[in-house]
Amino acid sequence: MDKGHDLTTFSRTISASSLRGRLTKLTGAPLRRPVAALHASIDFVPTKIPRKRRLQTMVVAVWSVLLVASCFVFLMLCSIPALWPFLVMYLIWIFWTDKSPAYGNRLAPWFRSLKIWQYFAEYYPASLLKECDLPADRPYVFGYHPHGIIGMGALATFATEATGFSKAFPGIKPHLLTLTNNFHIPLYREVIMSLGISSVSRESCSNILSSGPGQAITIVVGGAAESLSARPGTADLTLKRRLGFIKVAIQHGADLVPVFSFGENDIYNQMPNEKGTTIYVLQKKFQSMFGFTLPLFHGRGMLNYNLGLMPYRRRIVSVIGRPIHVQRCEKPSLEEIERVQRLYIEELTRIWNTYKDEFAKTRLRELSIVD
């Protein structure tokens, strides 16, 4: 009985420092407070950063939240009764009157050339590599690969003059295409239309390509499905069953130009969502309901390098390949569409093989056309 009592007393007298020491030996590292541990795991930016780099970060941060900010500003305006008549007229104009998203006629060259877009492109940095001249006597359909999480390289190259598109291809007027739903968002729609961004609907493609020589549309071919496989070091393209953009090109006699953007998949990390997992099933269900999906991605923040929703500073090089000339045909056969698709894939593969050792040195695997 006395021995048991002595053992209990001994156990209770173990000091806190002794416990801490034993736990430290077990974990192999000193214990930290949660806040201190979190602070240690975040790689904060230095206090002294060149002004130009801060401006680059600010522009990319503003663009990253522009859609949400536009909705917030519009809701704030709705809280002012005096503005209600104007806001109602604006909404009527958006949903029933304005047809600009289907024609691409709101492009403003001065807006595309603003200095802020130069900061946007220099952030990564994003650049354009031209392989050959494109005469402005015909329309063009640019196919952009890969989609990435958001398609920042497509924006910098085809929706701004930051990479020098108009100087590289004089006489060609590019229109980056996006989901029609984006043009239902007040204020935000005005910004993207000024950049020449238009609806990806079949009507819009036809209207733009039919409006004269030199007109061009850029389609991010992989779409939402491809964004789910966007990860650093990979190039998994959703292309095998994408025949619609090729059919549109043939119907309008527009040359097809493959574009491979090295680094597009590297600017964000994505949480694991392999086929068959619950996350993947939910993402595909969301896509079938709304026409787009939400990759669970993460990047960096404004004040740190490893925690946030901003893209990483990783180089993006958009290689604009050689055009594939097509003969105009109003009703092309499936065989003709597939023949042109094979030529398109061959050219896209050639671009990858030519530049992968220069622009994709850290790749984990080779180009793969998965679907």
Side-chain angles (χ1 to χ4, degrees), residues 52-53 55-64 66-67 100-101 103-145 148 150-178 182-183 188-200 204 208-209 211-220 254-255 257-264 267 311 313-321 323 359:
K52 187 175 183 180
R53 287 180 65 87
L55 289 172
Q56 294 166 358
T57 303
M58 183 183 70
V59 170
V60 173
V62 170
W63 178 260
S64 299
L66 183 60
L67 189 152
S100 296
Y103 287 89
N105 55 10
R106 293 274 293 278
L107 186 152
W110 67 269
F111 189 70
R112 288 168 53 95
S113 303
L114 290 177
K115 183 68 175 178
I116 57 173
W117 305 121
Q118 192 70 39
Y119 289 134
F120 180 89
E122 291 174 349
Y123 171 86
Y124 302 97
S127 59
L128 174 157
L129 195 158
K130 166 186 171 181
E131 284 206 314
C132 65
D133 292 331
L134 299 178
D137 60 352
R138 67 199 70 173
Y140 291 92
V141 174
F142 292 90
Y144 185 91
H145 310 269
I150 298 177
M152 295 296 196
L155 177 74
T157 303
F158 294 99
T160 77
E161 294 300 331
T163 60
F165 183 90
S166 293
K167 291 182 179 179
F169 305 104
I172 297 179
K173 186 181 292 185
H175 297 271
L176 180 62
L177 304 187
T178 187
N182 285 323
F183 299 96
Y188 178 75
R189 68 189 301 274
E190 315 304 333
V191 175
I192 61 176
M193 283 195 291
S194 296
L195 293 171
I197 300 176
S198 303
S199 169
V200 77
S204 175
I208 295 172
L209 293 175
S211 59
Q215 295 291 336
I217 59 174
T218 301
I219 301 176
V220 186
D255 284 6
V257 185
V259 180
F260 195 94
S261 189
F262 291 89
E264 183 68 69
I267 61 176
R313 283 182 178 265
R314 293 172 182 168
R315 183 172 64 162
I316 300 175
V317 181
S318 298
V319 180
I320 300 180
F359 301 133

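The side-chain heavy atoms of Gln56 and Tyr119, taken from C-beta on, include a pair separated by under 4.5 Å. Between Phe120 and Val60, the closest side-chain pair of non-hydrogen atoms falls below 4.5 Å. Counting heavy atoms from C-beta outward, His175 and Ser211 have side chains that stay 4.5 Å or more apart. Between Pro311 and Glu264 the shortest side-chain heavy-atom distance does not fall below 4.5 Å.
Side-chain N or O atoms of Thr57 include one that pairs as donor or acceptor with a backbone N or O of Arg53 at under 3.5 Å. Tyr140 places a side-chain N or O within donor-acceptor distance of the main-chain N or O of Pro135, the cut-off being under 3.5 Å.
Residues Arg112 and Pro174 come closest through the heavy atom pair NH2-CG, 3.6 Å. Contact detail for Tyr123 and Arg313: the closest heavy-atom pair is O-NH1, 3.0 Å. The two residues Lys130 and Ala168 have their closest heavy-atom pair at NZ-O, 2.8 Å. Across all their heavy atoms, Cys132 and Pro323 have their closest contact at SG-CD, 3.5 Å. Shortest non-hydrogen contact noted between Val141 and Ala254 is CG2-CB, 3.9 Å. Scanning all heavy atoms of the two residues, the minimum distance from Lys173 to Leu107 falls at CG-CD1, 4.0 Å.
Distance CZ/Arg314 to CD1/Ile267: 9.5 Å, rounded to 0.5 Å. Here the CG atom belonging to Leu128 is positioned 12.5 Å from the NZ atom belonging to Lys167, to the nearest 0.5 angstrom. The OG atom of Ser199 lies 10.5 Å from the CD1 atom of Ile217; values are rounded to the nearest 0.5 Å. Between the CG atom of Leu195 and the CD atom of Glu190 there is a distance of 12.0 Å, given to the nearest 0.5 Å. Separation of atoms CD1 (Ile192) and CG (Leu176) is listed at 9.5 Å; rounding is to 0.5 Å.
Side chains of Glu161 and Ser113: a donor-acceptor N/O pair is absent below 3.5 angstrom, by distance only. With no hydrogens or angles considered, no side-chain donor-acceptor pair links Arg106 and Ser198 at under 3.5 Å.
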| task | Evaluate side-chain contact (heavy atoms from CB on, under 4.5 Å) for Leu155 paired with Ile197, printing each intermediate quantity in order. | result | CA-CA 9 Å; Leu155 177 74; Ile197 300 176; 4.1 Å; yes
| task | Decide yes or no on side-chain contact (heavy atoms from CB on, under 4.5 Å) for Phe142 and Ile320, but give the supporting numbers first. | result | CA-CA 8 Å; Phe142 292 90; Ile320 300 180; 3.9 Å; yes
| message | Working note: Val259 + Thr218, criterion side-chain contact (heavy atoms from CB on, under 4.5 Å); need CA distance, chi angles, decisive distance, verdict. | response | CA-CA 9 Å; Val259 180; Thr218 301; over 6 Å; no
| query | Going through the checks in order, is the side-chain contact (heavy atoms from CB on, under 4.5 Å) test met by Thr160 and Leu114? | reply | CA-CA 8 Å; Thr160 77; Leu114 290 177; over 6 Å; no
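In this structure Ser261 satisfies the side chain to side chain donor-acceptor pair (under 3.5 Å) test together with Tyr144, Ser318, sequence neighbours excluded. Applying the side chain to side chain donor-acceptor pair (under 3.5 Å) test to Thr178 and every residue at least two apart in sequence or in another chain returns Asn182.
Ring-plane geometry between Phe262 and Phe359 is classed as tilted, the angle between the planes lying from 30 to 60 degrees on a 0 to 90 degree scale.
Taking the centre of each ring, Phe165 and Phe169 come in below the 6.0 Å mark.
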